[in-house]
Amino acid sequence: MKHRPANTVIVLDFETTGLSPNQGDRAIEIGAVRLEDGQIKDRFQRLMYPGRRISGFIESYTGISNQMLSDAEPASKVMAEFADFIEDFNLVAHNASFDSKFLISELARTDHNSAYLFACSMLIARRLYQDAPNHKLGTLVRFKSLPTDGTFHRALADAEMTTHLWLAMLEDISTRYGIDQADFALMQKLGKTAKHSSHQFLLKHAVTG
DNA sequence: TGCCAGGCCCTCTTTAGGGCCTT
């Protein structure tokens, strides 16, 4: 039987042709990290052909060219492989609402289930790091002095930076609130909050239940 | 370069508007 650590999450990031699958945008790259008990155990990165040319803006923004995509496998094939990679583990992304809608949209083109639970590192960071200049991923990486190879807006590089941010937040929450180990359920709760609660109240409430 | 959308959150709010964040 396959070993399944209790505290395993998949941290993922999509590069896409634009902001909205409802407007016809497609994924062009998926990058992800399998994090088991705080250790990176596996990585996944694939380009995928979206069925049409991408804009010059996206080429410039991501560094992914039309030439690179012309040699890539179709999205449906890549997403089927990715579904096998993520199994049924919980998912983490920076601004998870964005990656969630692309995951649902692309998996809908395959016969794979897309009923995953997401936690959003951006929403948690907004509560935890209120003195950060802003809560863009790159800013938070610099703010927390997290590891980076200097690559931004590529799927695996962004997923790895999000992984380090996730680990830093787990540690900071445990240290700040004196709990043994922050887990996915707590982090997901911190990303879904009632309005009009102060951040301090919210964190303490989430920790104490 | 920044628009497209959408969820979240703040405030000059809740019968609303606008900024943030993702590509």
Side-chain angles (χ1 to χ4, degrees), chain A residues 10-33 45-66 68-69 72 75 78-79 82 91-109 114 116-144 146 148 151-166 169 187-203 205-206:
Chain A
I10 305 293
V11 187
L12 64 90
D13 182 74
F14 278 105
E15 303 304 317
T16 70
T17 64
L19 294 173
S20 175
N22 288 337
Q23 299 294 311
D25 287 315
R26 298 292 307 275
I28 58 174
E29 187 180 44
I30 178 66
V33 166
Q45 183 175 33
R46 297 281 196 286
L47 291 169
M48 54 190 117
Y49 180 64
R52 57 180 169 82
R53 292 180 62 81
I54 61 173
S55 70
F57 172 75
I58 293 298
E59 281 190 311
S60 174
Y61 187 81
T62 64
I64 298 169
S65 68
N66 278 292
M68 292 162 68
L69 293 176
V78 173
M79 291 305 298
F82 186 57
L91 308 178
V92 175
H94 199 69
N95 196 11
S97 65
F98 176 86
D99 293 282
S100 174
K101 64 187 179 183
F102 275 97
L103 181 66
I104 291 170
S105 173
E106 293 295 345
L107 284 179
R109 298 170 180 271
S114 60
Y116 299 101
L117 294 177
F118 265 95
C120 178
S121 59
M122 183 193 74
L123 293 178
I124 300 163
R126 280 180 176 172
R127 292 171 176 79
L128 205 55
Y129 305 131
Q130 296 171 56
D131 50 347
N134 59 58
H135 299 90
K136 296 177 182 177
L137 180 59
T139 300
L140 291 166
V141 165
R142 288 185 288 274
F143 181 72
K144 292 296 294 178
L146 301 174
T148 172
T151 302
F152 294 90
H153 305 306
R154 286 299 299 269
L156 182 57
D158 283 5
E160 294 217 26
M161 288 187 288
T162 302
T163 301
H164 291 299
L165 173 62
W166 175 260
M169 293 193 300
M187 300 293 269
Q188 191 186 38
K189 194 171 183 179
L190 287 174
K192 293 180 180 174
T193 66
K195 293 181 179 179
H196 310 299
S197 296
S198 76
H199 295 107
Q200 292 301 315
F201 172 84
L202 189 62
L203 280 163
H205 180 74

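Every chain is numbered from 1, with letters handed out A, B, ... down the list of sequences. All of these numbers come straight from a predicted model, not from anything done at the bench.
Note that CG of L69(A) and CZ of R26(A) are 11.5 Å apart. Values are rounded to the nearest 0.5 Å. Going from atom CG of L128(A) over to atom NZ of K144(A) covers 7.5 Å, rounded to the nearest 0.5 Å. We find the CG-CE distance between L140(A) and M122(A) to be 10.0 Å, quoted to the nearest 0.5 Å.
Counting only residues at least two apart or on different chains, the salt bridge (Lys or Arg N to Asp or Glu O under 4.0 Å) pairs with a member in residues 47-57 of chain A are D25(A)-R52(A).
Along DNA chain B, the nucleotide nearest to S20(A) and the one nearest to S55(A) differ in position, and the one closer to the 5' end is contacted by S55(A).
Spacing of P atoms, dG7(B) relative to dT13(B), comes out at 24 Å, to the nearest Å. Spacing between dG18(B) and dC3(B) at atom P, rounded to whole Å, works out to 15 Å. The same atom, C1', is picked in dC12(B) and in dG19(B); the two are 14 Å apart, to the nearest Å. Annotation: dG6(B) and dG2(B) have their P atoms spaced 22 Å apart (nearest Å).
Across the protein-nucleic acid pair, L123(A) atom CG and dC10(B) atom C1' stand 14 Å apart, rounded to whole Å. Residue N22(A) contributes atom CG, which lies 13 Å from atom C1' of dG7(B) at whole-angstrom precision.
Q188(A) places a side-chain N or O within donor-acceptor distance of the main-chain N or O of F118(A), the cut-off being under 3.5 Å.
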Which atom pairs link the protein and nucleotides 19-23 of chain B when you take only N or O atoms and keep those under 3.5 Å?
unit_1	atom_1	unit_2	atom_2	d
dC20(B)	O2	R126(A)	NH2	3.1
dC21(B)	OP1	H135(A)	N	2.5
dC21(B)	OP1	H135(A)	ND1	3.4
dC21(B)	O2	N95(A)	ND2	2.8
dT22(B)	OP1	L137(A)	N	2.8
dT22(B)	O4'	N95(A)	ND2	2.9
dT23(B)	OP1	D158(A)	OD2	3.4
dT23(B)	OP2	Y61(A)	OH	3.1
dT23(B)	O3'	E15(A)	OE1	2.7
dT23(B)	O3'	T16(A)	N	3.1

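Residues that satisfy the side chain to side chain contact (heavy atoms under 4.5 Å, CB included) test with S105(A), not counting sequence neighbours, are P21(A).
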